[in-house]
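Report on the following structure.
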Protein chains: 2
Amino acid sequence: MREAKEVTIYDIAKKLNISPATVSRGLAGHPGISKKTKKKIIDTVEEMGYRSNHFARNLRQKQTHTIGVMVHELNSNFITSVLAGIEKVTTEAGYDLIIAHSSESAKKEAANARNLFQKRVDGLIASLSFDTTDLDHFQPFLNKDVPVVFFDRVEQDGNRTVVVIDNAKCGYMATEHLLSQECKRIAHVTSSLNRNVYAQRYKGYRDALYDKGLPFDEKLLLVGDLSEQAGIDAANQIMKMKPRPDGIFCTNDFVAAVCMRTLKEKGIRIPEDIAVVGFNNDAIGHLIEPTLTTINYPGIDMGEIAARNLINHLKGISNLQQTNTVIVRSELIIRNSSVRKKK
Amino acid sequence: MREAKEVTIYDIAKKLNISPATVSRGLAGHPGISKKTKKKIIDTVEEMGYRSNHFARNLRQKQTHTIGVMVHELNSNFITSVLAGIEKVTTEAGYDLIIAHSSESAKKEAANARNLFQKRVDGLIASLSFDTTDLDHFQPFLNKDVPVVFFDRVEQDGNRTVVVIDNAKCGYMATEHLLSQECKRIAHVTSSLNRNVYAQRYKGYRDALYDKGLPFDEKLLLVGDLSEQAGIDAANQIMKMKPRPDGIFCTNDFVAAVCMRTLKEKGIRIPEDIAVVGFNNDAIGHLIEPTLTTINYPGIDMGEIAARNLINHLKGISNLQQTNTVIVRSELIIRNSSVRKKK
DNA sequence: AAGATTTATGTAATCGGTTGCATGAATTTT
DNA sequence: AAAATTCATGCAACCGATTACATAAATCTT
């Protein structure tokens with residue numbers, strides 16, 4: 001058993017006294033190979049424990065049947081849902097996946113891009129890392145006509161295929177909800193406004209304020225990275241503000257949780273003193289106290305849609321040039337961290 | 001730019017009027033290629049935008065320079081730390097990674113194994129899924145002498161290379177700590193005792209009880225999967241017990257958090273009425289209230305060690321047959337969910 | 001300076017499938 | 001029954017890098 005030489009189609013061919021070409025065709029389900037021969041081939045393949053050599057195949061066909069996925073992190077509910085969605089669609093279509101994560105570093109993201117390019121993935125699905133500013137590292141793919149679909153964190157220059165939620169609307173909904181709970185001064189804890197998702201949510205926040213006739217106060221905008229420290233810092237800043245805010249719209253559940261914990265330590269009651277809304281609907285949201293109002297981000301759907309678009313393009317069914325932007329539905333989930341009005 | 005034909009070493013060779021063999025050697029840093037030629041080659045490679053073809057290389061060399069990683073899930077702190085550790089070591093050594101996750105399903109795990117086998121990874125690092133009972137799907141790797149290192153969830157039949165923590169000791173520490181906080185009836189919320197990690201922790205729990213002269217009560221052992229529902233069920237069962245337990249040792253932070261939330265909803269005070277210890281040191285542990293005492297599981301170290309062992313074996317520096325079991329240090333982190341005695 | 005050794009490079013086979021073209025046999029058409 | 005068509009399979013080139021072996025040039029030895 002051990003140390004066995006690899007079985008090739010030549011071995012199969014020799015055993016059956018037919019040509020390797022026939023074996024190859026038989027295995028590929030080529031029409032015009034007789035049923036009898038086909039059966040003999042398959043039986044012998046089974047018997048000899050043959051496994052096809054991807055490299056020979058890819059070398060000849062110049063296709064890898066592999067799709068690359070680039071994400072910023074793996075440890076959120078949202079991302080793993082997206083991956084599940086992508087996986088479902090690609091597996092059905094007979095494609096393999098290579099998943100690369102950048103740990104939120106633009107440098108690592110560029111390295112991953114080089115690597116996947118080197119591996120010659122047939123297509124790419126990507127969400128940008130936190131500090132990615134330019135998209136140069138995707139240029140090689142475009143130069144070689146390798147299709148790329150972006151999701152979630154994208155660069156919305158209108159020239160690429162992207163799958164997103166309506167972040168502005170979500171920001172609006174979150175803010176509007178806080179306003180409906182009689183919040184008058186709503187802090188916005190978010191991340192770099194260079195990143196589309198945060199810029200859009202911010203826009204929604206401002207629009208909601210505007211529509212209610214409330215002024216926007218720049219001091220209420222707290223920008224940080226998405227670390228635990230960022231949440232603590234935000235809470236400390238909020239404590240120092242006079243008058244103190246009575247609502248927080250935070251664009252990340254984890255940071256919202258850290259923020260809430262820190263505020264509670266300082267004696268703030270949530271939602272009575274400050275109402276809080278997060279974003280993403282991560283598992284953490286209903287384990288903390290009070291449970292966190294948040295925006296549900298349909299990861300599975302986004303993954304499925306991104307993957308389906310890519311694969312349809314690869315199979316020539318549709319063309320990515322035409323479908324520029326897909327917007328996936330999302331919704332506000334109201335829990336205890338924000339409800340101050342009794343019915 | 002676009003539609004450009006792929007550049008090969010033949011193109012480079014033609015341009016420089018040398019042979020493809022020289023180009024190949026120059027690129028591989030072969031000694032005995034003059035510095036001048038080497039420089040010319042590298043310059044031309046740069047200029048023409050050559051990228052090497054992995055498939056041709058792998059086909060010829062019968063090596064993929066790729067390591068497969070199989071994990072049960074991606075969404076825990078622990079697993080992402082392990083991945084980070086593996087990544088660090090393998091990248092340094094010039095190996096690529098393919099990460100496959102089984103979503104805790106033995107069936108998917110077997111499919112992943114087939115896939116990675118098909119892809120001919122040079123080595124494998126794996127943690128078993130929840131309901132994996134036999135290791136048949138790893139047999140093909142062993143038959144072909146592809147080295148496999150298991151970590152965390154393993155089958156400890158003494159015949160494989162495994163990287164683990166001392167789960168029994170951790171279970172002992174956790175239980176002992178609860179006992180030191182004057183707990184008299186400690187429930188043990190865990191998962192299938194067929195899985196080594198849970199079996200060992202259970203053993204530690206029982207040993208600690210025994211050493212303190214306390215009886216073991218079978219009714220206090222609550223086995224479930226690791227879902228949210230399992231946590232709720234466990235809490236409900238604990239509420240029904242008479243006399244009610246005054247301590248819980250839960251082998252998973254997430255389930256511990258769910259349990260705590262459910263108990264609190266029913267008016268139980270933690271740690272006064274019931275003290276709780278979790279396992280893993282996930283981020284959630286210091287966001288919930290009270291913060292969770294837990295066992296720190298050094299993911300990065302485990303990943304690094306597993307990867308280093310595998311790579312040393314691949315490079316012929318060491319032999320996996322010899323290093324059977326590596327035990328990584330771990331420790332108890334005491335937070336508020338378990339501290340009842342004031343100093 | 002002739003022979004021995006080292007250095008730098010070339011030649012050609014090889015890895016294992018895939019596929020355009022060719023061919024002979026079987027079947028259908030007229 | 002001869003001609004036309006279809007069917008099943010074979011031949012051989014090809015994908016692009018690697019490498020054992022060969023060879024020519026340069027350097028060293030005595």
*Which sits closer to the 5' end of DNA chain C, K38(B) or F55(A), going by the nucleotide each is nearest to?*
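Closest to the 5' end, via its nearest nucleotide, is K38(B).
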*asked:* For the helix from dA1(C)-dT30(D) to dT30(C)-dA1(D), what angle separates the axis at the start from the axis at the finish, each from five pairs, in steps of 10°?
replied: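 End axes: 40° apart.
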*asked:* OP1 or OP2 of dG16(C) versus the side-chain N and O atoms of K62(B): is any pair under 4.0 Å?
replied: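 The answer is yes; a side-chain N or O of K62(B) sits under 4.0 Å from OP1 or OP2.
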Salt-bridge present ([X], [Y]; N to O < 4.0 Å):
X: K39(A); Y: D43(A); value: yes
X: E155(B); Y: R160(B); value: no
X: E6(B); Y: K62(A); value: no
X: R195(B); Y: D131(B); value: no

*Can you name the nearest heavy-atom pair linking D122(A) to L314(A), along with the distance?*
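Here D122(A) and L314(A) meet closest at O-CD2, 3.4 Å.
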*Quick one: what's the B/S/- string for nucleotides 17-27 of chain C, heavy-atom cutoff under 4.0 Å, read 5' to 3'?*
BBBBB------
*How would you list all residue pairs meeting side chain to side chain donor-acceptor pair (under 3.5 Å) that involve residues 24-33 of chain B, not counting sequence neighbours?*
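Non-adjacent pairs meeting side chain to side chain donor-acceptor pair (under 3.5 Å): zero.
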*Scan residues 74-87 of chain B for pairs that pass salt bridge (charged side-chain N to carboxylate O under 4.0 Å, His left out), counting only residues two or more places apart or in two chains.*
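Checked against salt bridge (charged side-chain N to carboxylate O under 4.0 Å, His left out) - neighbours excluded - the pairs reaching residues 74-87 of chain B are K108(A)-E87(B).
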*Residue pair S129(A) / E104(A), side-chain donor-acceptor N/O under 3.5 Å*: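 The answer is no; no qualifying pair exists.
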*asked:* Ignoring hydrogens and geometry beyond distance, is a side-chain donor-acceptor pair present between S102(B) and S105(B) at under 3.5 Å?
replied: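 No, no side-chain donor-acceptor contact under 3.5 Å.
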*What are the bounds, 5' to 3', of the part of DNA chain D that sits under 4.0 Å from heavy atoms of chain B?*
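It runs dG16(D) to dC21(D).
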*ring-ring contact (aromatic ring centres under 6.0 Å, His included) pairs, two or more places apart, involving residues 43-97 of chain A*: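 Listed once each, the pairs are F78(A)-Y297(A).
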